[in-house]
Amino acid sequence: MLTIIWKMFGDKSLLLIVIVSLTRVSNGKSERPHVIIIVADDLGWNDVSFHGSNQIPTPNIDKLAHAGIILNNYYVSPICTPTRGALMTGKYPIHTGLQSGVILGSMPYGLPLKEKILPQWLADLGYRTHIVGKWHLGMLAEEYLPTRRGFESHYGYLQGAEGYYDHTYEFVGPPNSTQWGLDWRRNDEVVWTDREQYSTSLFTREAVNLINAHNDSEPLFLYVAHQAVHCGNPDDPLEAPQSYVNRFPHIHNYHRKLFAGMVSTLDDSVGEIVRNLEDRGMLDNSVILFTTDNGGPANGFNDNAANNFPLRGVKATLWEGGMRGTGFIHSPLLKQSGYVSTHMIHVTDWLPTLYSAAGGKHRNLKHLDGYNMWHVLSKNSKSPRNEILHNIDPLNKKSSIRVGDLKLLVGNVNMQWDGWYPPWQNAGDQTINIDGRAVPLVEGSKHDKVLDTYKWKNSYWNSSSIDCGNKPFNASTNCNPSVLPCLFNIAEDPCEYNNLADSNKDLVIKMLEKLSRYSHSMIPPGNKPIDPAGDPKLHNQTWRLSELFSNQRSIHRSDSQCSAPICDIYPEVTANALLPSVIYPHSDCQCSAPICELSPEVTVNALLPSVIYSQSDCQCSAAICNLSPVATVNALLPSVIYPHSDCQCSAPIWDLSPEVAVRALLSSVIYPQRINCFIV
């Protein structure tokens, strides 16, 4: 509660000063909660004991989960970059151009600079902001680095993976394009002195140092994006200190044993961070979010040994095993906790949720796909979310959506890894004998003291695990989304055994229509090909930035064309720049309505008549406004790209993805004499 004190000095009032002082500090400590996000990279559903893993105990993680809220109906993207972009922006990947794969090597693209991201929002509220660990949202220029996007400091790496000890990243691309170099830095400077030190330990030390050095009269935002348990480089993908590997004599499978050691170091890191928050008196005023970035790469997928059992599929697939996130939220500030949540939650929800928990006004946030779930979780009340767009990937031709209990799968969802994979085992492997289903503390763990009173209750364990029953004989054959869409009731069938599409065609159509509506707002994927100028061998075997990609960023243009490089602007802006010269090619007049206020659909609809019927007064046989964006582009392309020819495209127009169509359109219309200026 605030006590407002009035003091008058002449006609001046100190009311505002007193309010600011009282809202910012109470008894010398921040009144806004400290926000800690811990991301585990590639951690599977069945890699933590709070979900029932009887191979790898995770007592520190479990302690927080048990005292907080376990998120059993929580979703992330199936792969890294899209999830991290969604976490930072509160937007689906289709709205940031990160919907197709991940940033690899010297690919010159990243999270669009127009997006205001989580540390910037929290900095507006007075937070001190730090990132420890992995970025993976672009490094093509200084503007894309975390220290230019709201974080005061960064200790870690920029790429998606690297060796745990040598901190180098090797990208094995198409023939003759392998790139390898050091990717370890403090802020913007490459660090050479930390080699041969294990990354999880280094990140833990950095996080602890930041906590201990923090002035707790100010709120802290600490984003710890661990490398663990992602694979390292191809020559040695799984690495862990031998002392941790030795904790798992019951696991004889070489890969799974190493993986277990990696998980155990992660678990100890969580315990160390929490212990230091408690020692500083900060834990009681903290919100801690723990999340994976995608499902686990199981049984050799991506050279790893994670596990999602009994869920179907692996990382990089749209099956539940690729997207159902291992996560929980912990905070003494939650009015209710110690329960397993079945609220439908998506990674996009964390920006508005954490911003609200920090005292931000939700009305400040515009055009997000995420929902503010703080009060929903705190009071265990009804969720505003009833659907999740899992993704629309136009390059790899796959999509998925969840509406209520139903999930639709469409396209090439990776049927090579569509199975149900128990933990990778050898014949001699054993599981841990858990007496009364109480998770034992890891013998010799330096965090035993923190957790020495912790025991699971049977009912709690059961409610956070998944039991799908017996698998039907046709579970592996009744669904092939590349042929026909598949429909599952995830609430009743979380393991995706039973395809319901044949008997529910009306529901399939309705969900396809929802996917279509989402696609209308999609921006093209930002993916760009590898830039050879970014090869570390040209730069002292280090991954460098900005100047290496200058050839991709400078696009030659005519003085009469757009004032910004086409490749750096968004479809809406591109279309807006395109309209006047096409609709009014011989006139200086402007549109009667400001171009920038036209929606993309209206823009395209206005564009069509003048291009397709430029020499005629006739109108389209079909109402323009009723055409889908794909049909619109398909109708538009032949007359623009081949205006004086009867020839057809080498590939049928309707087979082109919208991005390819738009890119082809831009190069021929905006730069008719420079077909190659636009990078496709």
Side-chain angles (χ1 to χ4, degrees), residues 38-66 70 164 198 200 204 226-231 237-272 290-292 294-311 314-315 321 324-328 421-426 428-435 437-448 451 454-456 460-461 464-466:
I38 302 174
V39 177
D41 202 336
D42 283 7
L43 188 69
W45 178 266
N46 194 38
D47 290 328
V48 291
S49 44
F50 75 75
H51 276 159
S53 173
N54 55 6
Q55 270 197 330
I56 308 174
T58 50
N60 295 286
I61 291 171
D62 293 0
K63 171 70 180 292
L64 280 182
H66 178 253
I70 294 177
Y164 280 76
Y198 194 63
T200 306
T204 304
H226 269 293
Q227 179 179 357
V229 288
H230 197 288
C231 66
L238 302 178
E239 299 178 278
Q242 191 60 44
S243 60
Y244 282 89
V245 178
N246 291 343
R247 293 180 175 185
F248 300 94
H250 59 284
I251 302 177
H252 299 286
N253 180 282
Y254 174 76
H255 308 285
R256 183 69 173 166
K257 190 184 190 80
L258 282 173
F259 180 85
M262 295 161 68
V263 174
S264 193
T265 61
L266 172 68
D267 183 68
D268 272 4
S269 174
V270 172
E272 186 77 5
F290 179 90
T291 178
T292 185
N294 44 251
N299 296 39
F301 182 89
N302 202 196
D303 295 327
N304 215 320
N307 191 250
N308 306 305
F309 195 76
L311 299 177
V314 298
K315 168 186 176 177
R324 188 177 281 219
T326 298
F328 62 82
Y421 308 98
W424 209 358
Q425 294 178 325
N426 290 346
D429 285 352
Q430 302 171 4
T431 56
I432 299 170
N433 182 14
I434 302 177
D435 182 18
R437 286 193 171 178
V439 179
L441 299 177
V442 178
E443 185 177 356
S445 169
K446 57 186 173 181
H447 308 302
D448 286 355
L451 305 175
Y454 176 49
K455 290 276 189 178
W456 280 96
Y460 196 85
W461 177 298
S464 61
S465 302
I466 290 178

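Nearest heavy atoms, Tyr244 versus Gly261: CB-O, 3.7 Å. When all heavy atoms of Ile70 and Ser464 are compared, the closest pair comes out as CD1-CB, 4.1 Å. Nearest heavy-atom pair across Phe290 and Val270 is CE1-CG2, 4.1 Å. Scanning all heavy atoms of the two residues, the minimum distance from Ala228 to Leu266 falls at CB-CB, 4.2 Å. Shortest non-hydrogen contact noted between Asp42 and Lys315 is OD2-NZ, 2.9 Å. Considering all non-hydrogen atoms of both residues, Ala306 and Gly296 come closest at CB-CA, 3.6 Å.
The distance from the OG1 atom of Thr265 to the NE2 atom of His226 is 8.0 Å, given to the nearest 0.5 Å. The distance from atom NZ of Lys257 to atom CD of Gln55, rounded to the nearest 0.5 Å, is 10.5 Å. The distance from atom CG of Asn307 to atom NE2 of His51, rounded to the nearest 0.5 Å, is 12.5 Å. Rounded to the nearest 0.5 Å, atoms CG (Asp303) and NE2 (His255) are 9.0 Å apart. Taking CZ from Arg324 and CH2 from Trp45, the interatomic distance works out to 5.5 Å, rounded to the nearest 0.5 Å. Between the OG atom of Ser49 and the CG atom of Asn54 there is a distance of 10.0 Å, given to the nearest 0.5 Å.
Contact check for Met262 versus Tyr198: side-chain heavy atoms found under the 4.5 Å cut-off. No side-chain heavy atom of Thr326 sits less than 4.5 Å from a side-chain heavy atom of Asp47. In this structure the side chain of Phe248 reaches within 4.5 angstrom of the side chain of Pro57, judged on heavy atoms. The shortest side-chain heavy-atom distance between Ile56 and Phe259 falls under the 4.5 Å cut-off. In this structure the side chain of Ser53 never reaches within 4.5 angstrom of the side chain of Val48, judged on heavy atoms. In this structure, the side chains of Phe50 and Phe328 come closer than 4.5 Å at one or more pairs of heavy atoms.
Put simply, the side chain of Thr292 never gets that close to the backbone of Asp41: no donor and acceptor are under 3.5 Å apart. Side-chain N or O atoms of Thr204 include one that pairs as donor or acceptor with a backbone N or O of Thr200 at under 3.5 Å. Side chain of Arg256 to backbone of Ala305: a donor-acceptor contact under 3.5 angstrom is found. Although no hydrogens or angles enter the test, the distance criterion places no donor-acceptor pair under 3.5 Å between the side chain of Asn302 and the main chain of Asn304.
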| task | Could you walk me through whether Arg247 and Asp267 pass salt bridge (Lys or Arg N to Asp or Glu O under 4.0 Å), step by step? | result | CA-CA 13 Å; Arg247 293 180 175 185; Asp267 183 68; over 6 Å; no
